[in-house]
Asker: 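What follows is a single structure, and I will ask about it in a moment.
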Amino acid sequence: MSVVMQTNWRSLAQSLQPRNQAFIGGKFVDALSGRTFPTYNPATGQLITQIAACDAADVDKAVQVARRAFDSGIWRDLKPTERKAILLRWSQLIREHLEELALLETLDTGKPIKESVSVDVPSCASAIQWYAECIDKLYDEVAPNGPSSLVLVTREPIGVVAAVVPWNYPLIISSWKIGPALAAGNSLILKPAEQSTLSALKLAELAQQAGIPDGVFNVVPGLGPEAGQAIGLHPDIDAVLFTGSTEVGRKFLEYSARSNLKRVGLELGGKSPHIVTKDADLEKAAMYVAYAIWYNMGQTCNAGSRLIVHRSIKDQLFELMRPWARRLYPGDPLEPTTELGALISAEHCDRVKYYIELGQQEGARVAFGGRQILQETGGWFLEPTVLENVHNDMRVAREEIFGPVLVAIEYDELEEAVAIANDSEYGLAAAVWCRDITQAHLVARQLRAGTVWINAFDHTSINAPFGGYKQSGHGRDKSLHAFDKVTELKTTWVELH
Ligand code: NAP
Ligand code: MG
C-alpha cells in the first residue's frame, strides 16, 4: 500500500506542531517587532498558527548574516564535492520527512494529500538533488584567442540571492530557486507567500540538519508589502528570483531601479492556450484539457485556461470531459483519494466567483459547474467549471482567473486558432492537439510561449527550462539555464607574451 493510503493523516495532523518563527543565521527567531500574522487551513477555514511577521529590520538582519556567510567563503569555497554532499543529504532528509512535509503543505494550501505526497515533496527533493549533482560536473570555459593569451571565462556566485515565491506550489517553486542558488555557492533568503510558510520552515530545519552552514539559507516569513518590499529595495541583495503575479513582478523591477539595480528574475502569470484541432485524439485530449485547468484547483501559472477548439468537435470534446469533471470533484484534501481540494483563501474564492459571474455578463454560458460547494466545511471549494461561447476579447479570456475555470473559444481555420492563442499579453505555455505531427510542429513554431506541448500538457522535467515570453516574465527556472540568474561570468585575461 502506498504512503498516502497507509498514513492516518487526521491523527498525524493533530500531533503536528508546525514551526512558526523566522530562520535567520541558523536560529529560529521571532520577528524583531514581535508581530505575527495568521495562517489558515483552506479546507476548514480554521487558524493553524500565528507566524513571525518579518519586516525591513528582519530582512536587513538576514541580509547581514547572509552576506557574512558569503564573504567568509564557508559555503562558496567548499570543494564542489563537499557542497554537493551537503545538498544531497538535504534532499535525502526531505524524502525521509515526506509525510510531515506533505501534511504541512496540504494543511496550509488545501491541496490534496495525494498530490503533496506524490508530486510536491518528491519534486522538491529531486530538484535539490539535480542541482547538487551538477556542482562537480559544470566546467568553465577558455575563449579561443590565439597563442599569446589565455582567456578564462568562469562562473562565480552572484552573492546574496533572495527568492520571493507564491502559495500555489510552495515547495516546488522554492526548490527551483534554492537548487541553483545554493549549488552555485550563493547565500539565500527565502520569503514564502503569507498563506504558505509552514513547509519552508520545515525545509530550514532540515537544511541545518544536513549541514548547510548558518547564514547560507534563511527564511523570512512576512507580508508582501513589508518583507517582500524590503527585499526588493535592499541595497545589499544582488539578485531576486521572483515567482508570482505580473502586477507584483512589475513592482520588483521598480524596486530594483529605485535601489541597487539588483538582478530580477521574473516567473509571472499566464493565460495558456490549449488548441484542440479536429484531427486530435479526442479521448486523450479530453483528459488532458481537464487536468490542465483543474489540477491544483486551477491555481497553476501555466494552467491550460483558454481552450481553443475547432467548432465541429467542441460538443464531442465536452462529452468526453464530463467523466473527468466528475472524477475531479473537490473533496477533503486529507482523504487519500481526493484529487481536487480547496482554493487558497476566502478572498481568492470570491475573486474566482466574480469572474464566473463576469463571464456570464459578457455573454458566456456556464457549460460545467460554476458553483461554490461544501460550504458546511468552513473551507473554500468550487466546482470544476467551463465557460463556453467565449470570445478572446472578453475579460475572462484575457485576465488570469487562477481558479478551476476554463474558457472555451471556438475557431474554424487553424491560422485563426494560432492568432487567438498569441493574442494575449502572456506567453508562459501553450499546447496543440493534432495527430498530423508536421502540422502540429508548424503550429508549435508559431506559438509565442516558453513551453509548447504537442499532444500533451504539463509534462515536465527538471532538466527542461521553464519560463515565459512577453508579460509572463523573463529568465528561466529549471535546467542548467537557471544558473544564469544566480551567477556572474568573469573574464580573466592572462597575457602570455
Ligand atoms: P503574488 O501576490 O504576486 O505574490 C507572490 C509573492 O510576492 C508572495 O510572497 C507575496 O507576499 C509577495 N508580494 C506581494 N505583494 C508584494 C509587494 N508589494 N512587494 C513585494 N512582494 C510582494 O502572487 P500569488 O497570489 O502568491 O500567486 C499567484 C500568482 O503567481 C499568479 O499570477 C500566478 O500565475 C503566478 N505564478 C507564476 C508561476 C511561474 O512560474 N510563472 C508559478 C506560480 C505562480 P504575500 O504572500 O504576503 O502577498
Ligand atoms: Mg494557509
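For the numbers below, each heavy atom of this structure counts, side chains included, while hydrogens, waters and symmetry mates do not. Source: prediction; values computed, not measured. For ligands, and for the atoms within them, numbers begin at 1 and follow the listed sequence.
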Asker: Does V165, backbone or side chain, put an N or O under 3.5 Å from an N or O of ligand 1?
Answerer: yes

Asker: Please indicate whether any nitrogen or oxygen in V248 is less than 3.5 Å from any nitrogen or oxygen in ligand 1.
Answerer: no

Asker: Using a 4.0 Å heavy-atom cut-off, which part of P192 comes near ligand 1: side chain, backbone, both, or neither?
Answerer: backbone

Asker: So, 4.0 Å and heavy atoms of A227: is ligand 1 close enough to count as a contact?
Answerer: no

Asker: Only heavy atoms of T243, strictly under 4.0 Å: list the atoms of ligand 1 that pass.
Answerer: 5 (C), 36 (N), 37 (C), 38 (C), 39 (C), 40 (O), 42 (C), 43 (C), 44 (C)

Asker: Can you tell me the protein heavy atom closest to atom 7 (O) of ligand 1 and the distance?
Answerer: F242 CE1, 3.3 Å

Asker: Check this for me, if you would: do E105 and K202 make a salt bridge, where the nitrogen-to-carboxylate-oxygen distance has to be below 4.0 angstrom?
Answerer: no

Asker: Is there a polar contact, in the sense of an N or O pair closer than 3.5 Å, between S245 and ligand 1?
Answerer: yes

Asker: Just jot down the ligand 1 atoms closer than 4.0 angstrom to any heavy atom of E267, in number order.
Answerer: 37 (C), 38 (C), 39 (C), 40 (O), 41 (N)

Asker: What protein heavy atom is closest to atom 28 (C) of ligand 1, reported as residue, atom name and distance in Å?
Answerer: F402 CE2, 3.4 Å

Asker: Between F402 and W167 (judged by ring centroids, cut-off 6.0 Å), do the two rings come close enough to count as a pair?
Answerer: yes

Asker: So, N168 versus T300: side-chain donor-acceptor pair below 3.5 Å or not?
Answerer: no

Asker: Nearest to atom 41 (N) of ligand 1, what protein heavy atom do you find, and at what distance?
Answerer: L268 O, 2.7 Å

Asker: Any nitrogen or oxygen of E194, main chain or side chain, under 3.5 Å from a nitrogen or oxygen of ligand 1?
Answerer: yes

Asker: What do you think, any protein heavy atom under 4.0 angstrom from atom 4 (O) of ligand 1?
Answerer: no

Asker: Can you find an N/O atom of C301 closer than 3.5 Å to an N/O atom of ligand 1?
Answerer: no

Asker: Ring centres of F466 and W176 under 6.0 Å apart?
Answerer: yes

Asker: For Y469 and Y426, I'd like to know if the aromatic rings sit close, meaning centre-to-centre distance below 6.0 Å.
Answerer: no

Asker: Any atoms of ligand 1 less than 4.0 Å from a non-hydrogen atom of F466? List them with their elements.
Answerer: 40 (O)

Asker: Examine W167 against ligand 1 and note whether any of their N/O atoms are separated by less than 3.5 Å.
Answerer: yes

Asker: Could you tell me whether E400 and ligand 1 have an N or O pair separated by under 3.5 Å?
Answerer: yes

Asker: With heavy atoms under 4.0 Å as the rule, classify the contact between Q299 and ligand 1 as side chain, backbone, both or neither.
Answerer: neither

Asker: Just which atoms of ligand 1 are under 4.0 Å from any heavy atom in L223?
Answerer: 47 (O)

Asker: Please check if the distance between the ring centroids of Y291 and W324 is under 6.0 Å.
Answerer: yes

Asker: Here's one to test your reading of the geometry: is the NZ or CZ of R19 within 45 degrees of the ring axis of F28 and under 6.0 Å from its centre?
Answerer: yes

Asker: Can you name the atoms of ligand 1, numbered from 1 with element, that are less than 4.0 Å from a heavy atom of G222?
Answerer: 47 (O)

Asker: Enumerate, atom names and distances included, each donor-acceptor pair closer than 3.5 Å involving a side-chain atom of residues 377-385, sequence neighbours excluded.
Answerer:
{"unit_1": "T377", "atom_1": "OG1", "unit_2": "L374", "atom_2": "O", "d": "2.6"}
{"unit_1": "T377", "atom_1": "OG1", "unit_2": "G379", "atom_2": "N", "d": "3.0"}
{"unit_1": "E383", "atom_1": "OE1", "unit_2": "G370", "atom_2": "N", "d": "3.4"}
{"unit_1": "E383", "atom_1": "OE1", "unit_2": "R371", "atom_2": "N", "d": "3.1"}
{"unit_1": "E383", "atom_1": "OE1", "unit_2": "R371", "atom_2": "NE", "d": "3.2"}
{"unit_1": "E383", "atom_1": "OE2", "unit_2": "Y329", "atom_2": "OH", "d": "2.8"}
{"unit_1": "E383", "atom_1": "OE2", "unit_2": "R371", "atom_2": "NE", "d": "3.4"}
{"unit_1": "E383", "atom_1": "OE2", "unit_2": "R371", "atom_2": "NH2", "d": "2.5"}
{"unit_1": "T385", "atom_1": "OG1", "unit_2": "G370", "atom_2": "N", "d": "2.8"}
{"unit_1": "T385", "atom_1": "OG1", "unit_2": "E383", "atom_2": "O", "d": "2.7"}

Asker: For the residue pair F217 and F23, categorise the inter-ring angle as parallel (less than 30°), tilted (30 to 60°) or perpendicular (more than 60°).
Answerer: tilted

Asker: What atoms in ligand 1 come closer than 4.0 Å to a heavy atom of G228?
Answerer: 20 (C), 21 (N)

Asker: Work out whether the distance between some heavy atom of G467 and some atom of ligand 1 is less than 4.0 Å.
Answerer: no

Asker: Among protein heavy atoms, which lies nearest atom 18 (N) of ligand 1, and at what distance?
Answerer: Y255 OH, 3.3 Å

Asker: At under 4.0 Å between heavy atoms, which part of L428 makes contact with ligand 1: side chain, backbone, both or neither?
Answerer: side chain

Asker: With only distance considered, is N168 within less than 3.5 Å of ligand 1 through an N or O on each side?
Answerer: no

Asker: Is there a heavy atom of Q195 sitting under 4.0 angstrom from any atom of ligand 1?
Answerer: yes

Asker: Would you call D477-K177 a salt bridge at under 4.0 Å N-O?
Answerer: yes

Asker: Salt bridge check, K111 against E115: does any charged N sit closer than 4.0 Å to a carboxylate O?
Answerer: no

Asker: Under 4.0 Å from a heavy atom of V164: give me the atoms of ligand 1 that qualify, with their elements.
Answerer: 6 (C), 7 (O), 9 (O), 12 (C)

Asker: Work out whether the distance between some heavy atom of F252 and some atom of ligand 1 is less than 4.0 Å.
Answerer: yes

Asker: Identify the protein heavy atom lying closest to atom 14 (C) of ligand 1, giving its residue, its atom name and the separation to 0.1 Å.
Answerer: G224 CA, 3.7 Å

Asker: Any chance the side chains of N302 and S272 put a donor and an acceptor closer than 3.5 Å?
Answerer: no

Asker: Under 6.0 Å from the CD atom of Q361, do we count more than 12 heavy atoms belonging to anything else shown?
Answerer: yes

Asker: I want to know whether F252 and Y255 have ring centres closer than 6.0 Å.
Answerer: yes

Asker: Within ligand 1, which atoms have a heavy atom of I173 less than 4.0 Å away?
Answerer: 42 (C), 43 (C)

Asker: Taking the six-membered ring for Trp, are the ring centroids of W453 and Y288 within less than 6.0 Å of each other?
Answerer: no

Asker: Using the side chain to side chain donor-acceptor pair (under 3.5 Å) definition, which of the options Q64, K262, R67 pairs with D236?
Answerer: R67

